[in-house]
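The structure under discussion appears below in the form of structure tokens.
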There are 2 protein chains.
Amino acid sequence: MVTIKQVAEKADVSTATVSRVINGNYPVSEKARKKVVETIKELGYRPNSIARSLKCNKTYMVGMVVPDISNNYFMDIARGVESVISPLGYSLIFCSTDENTEKELKLLNALNDKRVDFVLLASSTQQSDKLKKFINQGMNIILIDTSIKDLETDIVVEDNFNATYKLISYVIDQGHRRIGAINGFMGVSTAKERYNGFLHALEDHDIPLEESYVVNGYYDRKKAYEEVKLMLQKNMSNLPTALFAANNDMAEGAMIALKEMNLKIPDDISLVSFGDINIPELVEPRLTIISQNSVLIGKKAGELMVRKVVEAECRENGISKISIPSEIIIRDSVKSI
Amino acid sequence: MVTIKQVAEKADVSTATVSRVINGNYPVSEKARKKVVETIKELGYRPNSIARSLKCNKTYMVGMVVPDISNNYFMDIARGVESVISPLGYSLIFCSTDENTEKELKLLNALNDKRVDFVLLASSTQQSDKLKKFINQGMNIILIDTSIKDLETDIVVEDNFNATYKLISYVIDQGHRRIGAINGFMGVSTAKERYNGFLHALEDHDIPLEESYVVNGYYDRKKAYEEVKLMLQKNMSNLPTALFAANNDMAEGAMIALKEMNLKIPDDISLVSFGDINIPELVEPRLTIISQNSVLIGKKAGELMVRKVVEAECRENGISKISIPSEIIIRDSVKSI
DNA sequence: ATGAAAGCGCTAACAA
DNA sequence: TTGTTAGCGCTTTCAT
């Protein structure tokens, strides 16, 4: 690999001058500039970003840590992030914790060692003390999707409570009174908030909660599939008329379970979901859902990052909390009774 | 951030000793070791991998460049890669070119600047000369999915030709004679090989090629959707009885088109695909496909990498070509006529 | 077994 | 406008 020194020698200038023409941050005579540019091209020189990072304390890398790399929701967020940071020269390191606290901590450590400029974290733990440690060490953590109790840091989230409240209210308005819920992993804020929205909607409409209709799918498709199947089998004599899935993956799991049990949506059971499934165009019936605008979440997180770097230069600072709106999309999976 | 120097001072040893206990590659007295370990814990010291990388010429980062980050096929490959390299301390930088040659080159440059140890490249160009330049600069490129003419480098691919040949032969065996193809971007090897398999299957069974049944979907779902729709409209009076989609995305596009035109699979038109669609469990009918084993491709690419680092230490070297087998999964989307 | 010191490739303060 | 040089945090050779 050719270094700045070799360029300097061949162009007959100092390394400082070469550095100056590369970065264009200090005046260089036109003559020297030309010569250097030529030599760089000739030698095929490319600056070593490792060396640069070491010197400047800036890596132009951002780590993104999510619980499930295969969920399109997080993929879309990643694309949103990429779309704003990539033009600015940042690269994204994309990591999955598989909902595993230990792995999450390990990844955070690795990213810390790599001195990434930012970490976008969709945490699946509530370990605020460990995360605080990272922040105190100077790590720039931006929370996405999930909030963490007692942790004061920048965050981009959705309004889980209100969106769910509205969705369940709609279901109730359609005449449903026996409504079940497929919860996400209740250790994280989104699952709790969504379930709270669910509960409050029932309560405000004077509908009793039937606990045997509530299962925990841990945000996992297979788990949701199994739990829903079990729950329905147990309640065969008095089935719920509607089900709420707390995310897209679990909605898919539920649909598979219903299909296997020959329960038709929405004729036998209605189903609504927080977040859309894959290829909604091809799956019958079209699901009534909360649309999450995941790309926007990513974009906002990206913009937050770039704002942070500007602010850092101005020695300002403050904590932002951005809430992304989500809307209900009414399709065909809820029966009016 | 605490540095090795601070640890050394506090532990009353030299930085060399601290480095030695961290890396465990040189003898250190038990007493010193203990003291250092303690101090590291006390100070919460973590080695700076940037500095380490600069010194050792090794970043423990691998770049993965694919044409479409949202296609599950590439995501699965990425997961395969991750599963083998992550335990070894490597991180994956995952980038999408959106099938854009210019962007591909830009990304390759960025990864080169970052001095990633390896690049896994699913190229959407055939620019062997440009890629050669990278390789000559010392970049470790491993091709995945797509081969590139005149480029001698390690590669992990599928047997596109034979798999397609078998799949189309099966369709023909079911009695079909008017068979259409939805091709991928013909600039890349996979698209060409798959189409060749398609053509040879027809030829060997004495079936004429009906050119008006062949469209180019450029491996893009929307494009495939549009082209299929157009093609069917044009051939309304003499529809093909079967269609072959060269990848999963385009199969989805075709299904949407067929659905909109009220053509039932397989009653009106049969459909087969190279690679499986999303949530096959929920889409009717279940598609007959070539199953790609994408996670395995990733794993093999990962293993190839680790073998390379071992070989590099032994100063051996050679080029590997790994071909991943794929199998036909017969489901319900081909009518027997 | 340990420490001093050079140096990885770069940037920037300082001097000229 | 330019060159010299220190130093970013680490590893490793060489000397002890």
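- From A:Leu143, atom CG reaches atom CD1 of A:Ile322 across 12.5 Å, with rounding to the nearest 0.5 Å.
- A cation-pi arrangement is found for B:Lys58 relative to B:Tyr60, the charged atom lying closer than 6.0 Å to the ring centre and inside a 45° cone about the ring normal.
- The closest side-chain heavy-atom distance from A:Ile50 to B:Asp113 is not below 4.5 Å.
- One side chain, A:Glu104 or A:Ser123, offers a donor N or O that lies under 3.5 Å from an acceptor on the other.
- Taking atom CG of residue B:Leu43 and atom C1' of nucleotide D:dG9, one finds them 15 Å apart after rounding to whole Å.
- Side chains of A:Tyr45 and A:Thr39: no donor on one and acceptor on the other come within 3.5 Å.
- Straight-line distance from the NZ atom of A:Lys58 to the P atom of C:dA12: 13 Å, rounded to whole Å.
- The rotation axes computed at either terminus of the helix from C:dA1-D:dT16 to C:dA16-D:dT1 lie 40° apart, taking five pairs at each end and rounding to 10 degrees.
- Separation of atoms CG (B:Leu43) and CD (B:Gln6) is listed at 6.5 Å; rounding is to 0.5 Å.
- Note: CD (A:Glu9) to C1' (D:dT2) measures 17 Å, nearest angstrom.
- No hydrogens or angles considered: nothing links the side chains of B:Tyr90 and B:Thr59 as a donor-acceptor pair under 3.5 Å.
- Rounded to an integer number of Å, the gap from A:Ile50 CD1 to D:dC8 P is 18 Å.
- Rounded to a whole Å, the NZ atom of A:Lys31 is 12 Å from the C1' atom of D:dT2.
- Between the side chains of A:Arg79 and B:Ser70, a donor-acceptor pair is found at a separation under 3.5 Å.
- For the pair B:Ser29 and C:dA1, the criterion of a side-chain N or O lying under 4.0 Å from OP1 or OP2 is not met.
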- Item | Nucleic acid footprint by protein, nucleotides 10-16 of chain D - heavy-atom cut-off 4.0 Å, B for base, S for sugar-phosphate alone | BBBB---

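- The interatomic distance linking B:Asp12 (CG) with C:dT2 (P) rounds to 12 Å, in whole Å.
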